[in-house]
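Here the structure comes first, spelled out in C-alpha cells, and everything after it is commentary.
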Amino acid sequence: TQLLEQSPQFLSIQEGENLTVYCNSSSVFSSLQWYRQEPGEGPVLLVTVVTGGEVKKLKRLTFQFGDARKDSSLHITAAQPGDTGLYLCAGAEDNFNKFYFGSGTKLNVKP
Amino acid sequence: GAGVSQSPRYKVAKRGQDVALRCDPISGHVSLFWYQQALGQGPEFLTYFQNEAQLDKSGLPSDRFFAERPEGSVSTLKIQRTQQEDSAVYLCASSRDRAFIPVYNEQFFGPGTRLTVL
C-alpha cells in the first residue's frame, strides 16, 4: 500500500512537448522529494521541497509543493529523450528518516 | 568517490532457500535504509539503521526477513525460506547524517539486487 498516488502512470510524448506529473496524498509530509530512476539503477534525487507552496526550478524541470504539503507536481518544459525514465515522488514523515514512495510515472520521450 | 554498492546484482533462488544480500554504503554515512521494489512499483521501506542500531524495522514483511549492520558500515539483508512473493529488487540507500534536516537526508541509492524466487 502506497500513501502517495502518482499520475499518470505512463506518459509517452514527442521531444519538445511539455508535461506535468502529479503526486497526491491524503497525508501531510514534512518534506517531499522527487527522484528519477533508470532501468537497472537506483533512484537519483532531483530535488527536495520542504515548505508549503515552495517552487523549485532545475533547468527545464519545475517542482511545486502544495500549500497543505499533501501534494506536489513536476513540470518538464521542452522534454528531451534524455528525460526518459521512471519519476518517483517520496514523502518523509516528521523524523525525515522514513520515506514513502509513490508508484512512479514512467516517461518516454521520443525523438 | 565510490557510491553505494550492492551484491550480488542478481540472485536466483529456489523456493525455500535462504539468501543474503549485501550493501556497502558510502564511507562515513551514518544512516542506511533497505527498500523493496516490486516490478512496476515504487520502492517500499523495509528498515532503517543509524550506525549499528536498527531504529525502525516496521516495513519488514515477515519474520523471515532479518537485517543487520553490526559495525555500523556494511549491512546484510537476509531472507529465510524464500517465497515467490519475495521476488523483487532490493535497494539499499545511505545518507550522511542523522540530523532531522532534509539537506542532510539525501539518500544515495545503490543499483539494487534483483531477487528471483522460482
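Each chain gets a letter, A, B and so on, in the order its sequence line appears, and its residues count up from 1. Given the structure is predicted, the values throughout are model-derived calculations rather than measurements. Values below: all heavy atoms of this structure, side chains included; hydrogens, waters and symmetry mates excluded.
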Hey, what do you get for CG (B:L32) to SG (B:C23), rounding to the nearest 0.5 Å?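 So the gap between those two atoms works out to 4.5 Å.
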
NZ-CD distance between B:K11 and B:Q17, expressed to the nearest 0.5 angstrom: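 Reported to 0.5 Å precision, the distance equals 6.5 Å.
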
Shortest non-hydrogen contact between [X] and [Y], atoms and distance:
| X | Y | answer |
| --- | --- | --- |
| B:P43 | B:Q37 | CD-NE2, 3.8 Å |
| B:A88 | B:Q36 | CB-CG, 3.7 Å |
| B:V117 | B:Q84 | O-CG, 3.6 Å |

Do any of residues 38-46 of chain A have a heavy atom less than 4.5 Å from a heavy atom of chain B, and if so, which, in residue order?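 Checking residues 38-46 of chain A against chain B gives A:G40, A:E41, A:G42, A:P43, A:L45.
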
When only heavy atoms count and the cut-off is under 4.5 Å, which of residues 74-88 of chain A reach chain B?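 Within residues 74-88 of chain A, the residues under 4.5 Å from chain B are A:L86, A:L88.
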
Side chains of B:T47 and B:Q54 only: does a donor on one sit below 3.5 Å from an acceptor on the other?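 Judged by distance alone, the side chains do pair up.
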
State, without any angle test, whether A:T48 and A:Q33 hold a side-chain donor-acceptor pair at a distance under 3.5 Å.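 Yes.
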
Can we call the ring centroids of B:F49 and B:F33 under 6.0 Å apart?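 For B:F49 and B:F33, the ring centres are not under 6.0 Å apart.
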
In this structure, is the centre-to-centre distance between the rings of A:F65 and A:F29 below 6.0 Å?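 Aromatic pair excluded; centres sit 6.0 Å or further apart.
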
Does the side chain of B:S95 come within less than 4.5 Å of B:F108's, by heavy atoms?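 A side-chain contact is absent here, since even the closest heavy-atom pair is not under 4.5 Å.
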
Checking B:R9 against chain A: side chain, backbone, both or neither under 4.5 Å from a heavy atom?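 For B:R9, side-chain heavy atoms alone lie under 4.5 Å from chain A.
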
Among B:P111, B:A38, B:G112, residue most engaged with chain A (heavy-atom pairs, under 4.5 Å):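 Answer, by heavy-atom pair count under 4.5 Å with chain A: B:P111.
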
Is A:Q37 in contact with chain B via its backbone, its side chain, both, or neither, using a 4.5 Å heavy-atom distance?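 Just its side chain gets close to chain B.
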
Are the charged groups of B:D18 and B:R64 less than 4.0 angstrom apart, N to O?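 No, this pair does not count.
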
